[in-house]
Amino acid sequence: MTTKAVHVLNGPNLDLLGVREPEIYGTTTLADIEVMCRDAAKGPLVFRQTNHEGMLVDWMHEANAEGAKAVLINAGAYTHTSIALLDAIRAIRTPVIEVHLSDPSTRETFRHLSYVGMAAKKTVQGLGAKGYIVALDAAAQLENGE
Ligand code: CA2
């Protein structure tokens, strides 16, 4: 039997992590976060980044079609704008966990609304890169029905 993967999807500008605005997002790069996630994951992990909204939707569908264990998504600014992502999360069976490095609820008011959060099973925010690991643990707990 093949072990199903957790898919970690990252949205726009997260490829700039560690390079710009370290006072908000820290100095850890997305490549560092990928290594942390691979170390922490207990099974196969798909880790991706795109600057394109539709690509995130396609990857949600792909995760669902492959029977992925869970999707972790940091949708970046699409979090606050994308009804397409909300619909995609509602349309798939795979449980989705929302992750943010910062805590958007303490930032500008335009970041307070999360379309992703309306459909996600759980949100982990404000913990920096460690939030991805907390979200991986949360995905394992969902799998165990906890
Ligand atoms: O806190 C998060 O993880 C965010 O998803 C990051 C998004 C922001 O739009 C969300 O409100 C919260 C921004 C990602 C952009 O990342 C950058 C990294 C370095 C330099 C500039 C942007």
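Remember, it's 1-based here, ligands and their atoms both numbered in the order they're listed.
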Separation of [Y] [atom2] from [X] [atom1] (nearest 0.5 Å):
| X | Y | atom1 | atom2 | answer |
| --- | --- | --- | --- | --- |
| T79 | N74 | OG1 | CG | 6.0 Å |
| R48 | E62 | CZ | CD | 4.0 Å |
| H112 | D103 | NE2 | CG | 8.5 Å |
| D39 | I133 | CG | CD1 | 8.0 Å |

Heavy-atom nearest neighbour in the protein, as seen from [atom], with distance rounded to 0.1 Å:
| atom | value |
| --- | --- |
| atom 15 (C) of ligand 1 | N13 CB, 3.5 Å |
| atom 4 (C) of ligand 1 | H100 ND1, 3.6 Å |
| atom 1 (O) of ligand 1 | S102 OG, 2.5 Å |
| atom 13 (C) of ligand 1 | Y25 OH, 3.3 Å |
| atom 9 (O) of ligand 1 | R111 NH1, 2.8 Å |
| atom 21 (C) of ligand 1 | E21 OE2, 3.3 Å |
| atom 2 (C) of ligand 1 | L101 N, 3.4 Å |
| atom 19 (C) of ligand 1 | R20 O, 3.2 Å |

Q) For ligand 1, which atoms have a heavy atom of H80 less than 4.0 angstrom away? A) 10 (C), 11 (O)

(Q) Distance under 4.0 Å to a non-hydrogen atom of A77: what atoms of ligand 1 satisfy this? (A) 9 (O)

Q) Would one find an N or O of L14, backbone or side chain, under 3.5 Å from an N or O of ligand 1? A) no

Q: Specify the closest pair of heavy atoms between A119 and L86, including all atoms of both residues, with the distance to one decimal.
A: CB-CD1, 3.6 Å

Q: Please report the closest heavy-atom contact between R107 and Y25, naming both atoms and the distance.
A: NH1-OH, 3.1 Å

Q.
If we count only N and O atoms by modelled type, under 3.5 Å, do the side chains of E98 and S114 hold a donor and an acceptor together?
A. yes

Q) Do Y132 and N10 meet the criterion of a side-chain donor-acceptor pair at a distance under 3.5 Å? A) yes

Q) Among the heavy atoms of N74, does any lie under 4.0 Å from an atom of ligand 1? A) yes

